[in-house]
There are 2 protein chains.
Amino acid sequence: MAAKPRGASKRSQRTKLQPVQEASSESPLSRDRIVATAVELLDARGIDGLTMRRLADCLGSGVMSLYWHVDNKEDVFDLALDSVLEYRGSLDIVESQDWRGDVVHMLEDWRARMLRHPWSASLLPRRALGPNILGRLEMLSKTLSRAGVADADLNVAIWSLWNYVMGATLTRASFDLSDDDRAAGQQRLTILSEHYPTIERSRLLLDNDWDGAFRKGLDFLLDGLSPG
Amino acid sequence: MAAKPRGASKRSQRTKLQPVQEASSESPLSRDRIVATAVELLDARGIDGLTMRRLADCLGSGVMSLYWHVDNKEDVFDLALDSVLEYRGSLDIVESQDWRGDVVHMLEDWRARMLRHPWSASLLPRRALGPNILGRLEMLSKTLSRAGVADADLNVAIWSLWNYVMGATLTRASFDLSDDDRAAGQQRLTILSEHYPTIERSRLLLDNDWDGAFRKGLDFLLDGLSPG
DNA sequence: CATCGTATGGTACATCGTACTAGTCAAGCG
DNA sequence: CGCTTGACTAGTACGATGTACCATACGATG
């Protein structure tokens with residue numbers, strides 16, 4: 001795993017120019033810096049815009065240098081996703097009276113964070129559960145339990161909320177991404193409107209109040225989950 | 001768009017051997033056949049296992065021949081996804097008394113179809129709405145409307161159910177895919193169990209009754225959505 | 001000075017999607 | 001019949017990608 005100690009017969013003739021501050025304030029290339037830059041790149045150029053070469057360019061380093069800090073590209077995705085889902089404050093609300101408000105707040109924050117980085121939604125399905133996600137699940141579990149949800153229903157309740165948030169975020173993000181296809185989609189819908197009269201009448205696909213719909217649907221779900 | 005009419009100076013010396021039934025019963029390579037084979041390949045080798053070269057091999061054709069019937073690889077994904085979500089019978093239940101049962105049945109069928117082809121779940125986020133999906137939404141809309149859901153709540157109800165199904169399917173599929181990482185995941189959870197006492201105690205991540213949980217959560221959601 | 005762990009990067013390769021080009025074959029037409 | 005055309009099938013080649021392999025360079029330690 002270490003470098004070959006093969007003695008170099010050639011003397012290095014480097015003159016130690018520019019000891020620090022090479023060209024563009026290059027920090028020594030750390031795992032965190034890689035992840036941060038990867039997130040920037042993903043934000044700017046989308047999920048296909050992240051290549052190892054580009055990432056190295058943005059960092060001002062060689063491509064293969066990344067592989068010292070990171071296993072492979074999958075690893076970069078995993079780390080980028082988890083870094084975006086950071087969550088604090090699960091322990092702050094020790095004795096809140098408003099469990100419902102707490103749950104809604106956490107889930108809305110979750111959704112907001114993912115929508116701020118639309119690539120994260122389409123990345124989620126294939127990834128494992130990072131610590132930040134587990135932290136959120138833990139907070140959910142604790143809050144619901146304290147709210148009186150029966151132990152037998154607890155896991156179902158958690159997964160239901162998780163499912164709802166994931167689905168809502170994913171849907172919203174994918175509809176956002178297709179801003180280019182918006183015209184085509186609308187056109188196709190109008191063409192086919194005769195086949196789908198009900199959803200055409202209710203303007204299901206044209207309703208843009210995503211935030212409101214998310215909140216209202218979440219309320220419905222919590223109504224169903226509420227004990228008693 | 002047509003072939004060059006450049007006159008061939010060389011005469012073809014083909015002797016018309018094997019007029020039909022070339023080597024392995026090769027049908028003339030149609031769009032449908034391409035999509036069907038793509039689904040087979042996706043089922044067998046996963047989302048990264050589908051390459052145009054492999055697809056052509058399985059079809060016994062040249063790679064570039066595919067591009068006559070299909071725009072590009074994205075197109076193959078779109079078609080494969082939609083072909084998996086086929087849905088019939090939306091019009092059959094004209095006057096069912098059990099609207100709730102109808103909804104549950106359609107959604108469970110939806111989920112089951114996607115789980116039968118796990119790649120479809122992780123493919124959904126980036127795709128547009130195909131006709132089969134629209135058909136299902138139409139059925140949902142009609143049924144809920146007839147069940148007495150207020151017009152103002154209709155879209156929210158539909159999206160809530162959609163979100164729930166998408167999230168549940170996606171989650172289930174991703175947990176299934178990580179069968180290899182199951183050991184690592186469980187180990188990591190046990191290691192970190194001190195940080196997540198509540199979800200560890202309720203064995204959230206070890207609960208394997210996905211079908212039951214889906215059904216129960218759906219019931220909760222429908223409870224919340226039920227008019228009155 | 002020799003050795004080694006940490007860290008960096010250039011080169012090279014297999015594989016991918018697909019543009020370009022050249023074909024084959026059947027039908028239509030003079 | 002020969003010639004044209006258009007539907008369809010392929011081979012070749014190109015640029016891009018992830019990353020294995022190898023060669024360094026440098027500070028710390030012997």
Side-chain angles (χ1 to χ4, degrees), chain A residues 1-20 22-24 26-34 37-38 41 45-78 80, chain B residues 1-20 22-24 26-34 37-38 41 45-78 80:
Chain A
M1 276 185 201
K4 297 273 170 60
R6 187 115 50 88
S9 55
K10 223 189 291 182
R11 257 258 271 25
S12 68
Q13 52 167 13
R14 53 116 188 78
T15 45
K16 212 176 180 183
L17 292 170
Q18 300 126 355
V20 212
E22 278 284 328
S24 54
E26 336 217 312
S27 324
L29 191 61
S30 70
R31 197 176 166 96
D32 285 346
R33 222 163 72 82
I34 291 178
T37 311
L41 247 173
R45 331 225 357 190
I47 211 162
D48 290 330
L50 177 69
T51 72
M52 298 304 273
R53 279 172 235 265
R54 251 207 283 271
L55 187 51
D57 274 357
C58 290
L59 287 161
S61 78
V63 196
M64 294 317 290
S65 308
L66 305 177
Y67 285 88
W68 179 262
H69 306 269
V70 162
D71 286 353
N72 45 40
K73 197 185 181 185
E74 290 279 287
D75 201 17
V76 177
F77 279 133
D78 283 340
Chain B
M1 276 188 201
K4 300 272 169 61
R6 189 113 49 86
S9 55
K10 222 189 291 182
R11 258 259 261 36
S12 69
Q13 51 166 14
R14 51 117 187 79
T15 44
K16 213 175 180 184
L17 293 171
Q18 299 127 357
V20 212
E22 278 284 331
S24 54
E26 335 217 308
S27 324
L29 190 61
S30 69
R31 198 178 166 95
D32 286 344
R33 223 163 70 82
I34 291 177
T37 311
L41 247 174
R45 333 231 349 197
I47 211 162
D48 290 330
L50 177 69
T51 70
M52 298 304 274
R53 280 172 234 265
R54 250 207 282 273
L55 186 52
D57 274 357
C58 290
L59 286 162
S61 76
V63 197
M64 294 318 290
S65 307
L66 305 178
Y67 285 89
W68 179 262
H69 306 271
V70 160
D71 286 352
N72 45 39
K73 198 185 182 185
E74 290 278 289
D75 201 15
V76 176
F77 278 134
D78 283 340

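Each chain gets a letter, A, B and so on, in the order the sequences are listed, and its residues count up from 1.
Atom CD1 of residue A:Ile34 and atom OG of residue A:Ser61 lie 7.0 Å apart, to the nearest 0.5 angstrom. Here the CG-CD1 distance, from A:Leu41 to A:Ile47, works out to 12.5 Å after rounding to the nearest 0.5 Å.
Distance, A:Asn72 CG to C:dT15 C1': 17 Å, rounded to whole Å. When the P atom of D:dC8 is taken as reference, atom CZ of B:Arg31 falls 12 Å away, rounded to whole Å. Counting to the nearest Å, the P atom of C:dC16 and the CZ atom of B:Arg54 are 6 Å from each other. For the pair A:Trp68 CH2 and C:dG5 C1', the interatomic distance rounds to 7 Å; values are reported in whole Å. Rounded to whole Å, atom P of D:dA20 lies 14 Å from atom NZ of A:Lys73. The nearest whole Å value for the distance from the CE atom in A:Met52 to the C1' atom in C:dG9 is 13 Å. Rounded to whole angstrom, the span from the CG atom of A:Asp57 across to the P atom of C:dG9 amounts to 11 Å. Distance B:Arg33 CZ to D:dC8 C1': 14 Å, rounded to the nearest Å.
Nearest to the side-chain atoms of A:Tyr67 among the listed nucleotides C:dT8, D:dT19, D:dA10 stands D:dT19. Of the listed nucleotides (C:dG17, C:dT6, D:dT9), D:dT9 has the atom at the smallest distance from the side chain of B:Ser65. For B:His69, counting side-chain heavy atoms from C-beta on, the closest listed nucleotide (D:dT19, D:dC8, C:dG9) is D:dC8.
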| Residue pair A:Leu66, A:Leu59: steps toward the side-chain contact (heavy atoms from CB on, under 4.5 Å) verdict | CA-CA 9 Å; A:Leu66 305 177; A:Leu59 287 161; 3.6 Å; yes

| task | List the steps and the verdict of side-chain contact (heavy atoms from CB on, under 4.5 Å) for B:Arg54 and B:Arg45. | result | CA-CA 11 Å; B:Arg54 250 207 282 273; B:Arg45 333 231 349 197; 3.1 Å; yes

What nitrogen or oxygen pairs link the protein and nucleotides 11-16 of chain D at under 3.5 Å?
none

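In plain terms, the two heavy atoms of A:Phe77 and A:Leu50 that are nearest each other are CE2-CD2, 3.7 Å. When all heavy atoms of B:Cys58 and B:Thr37 are compared, the pair lying nearest together is CB-CG2, 3.7 Å.
Each end of the helix from C:dC1-D:dG30 to C:dG30-D:dC1 gets its own axis from five base pairs, and the two axes differ in direction by 30°, given to 10 degrees.
Pairs engaging residues 57-77 of chain B under the salt bridge (Lys or Arg N to Asp or Glu O under 4.0 Å) rule: B:Glu74-B:Arg127 [sequence neighbours left out].
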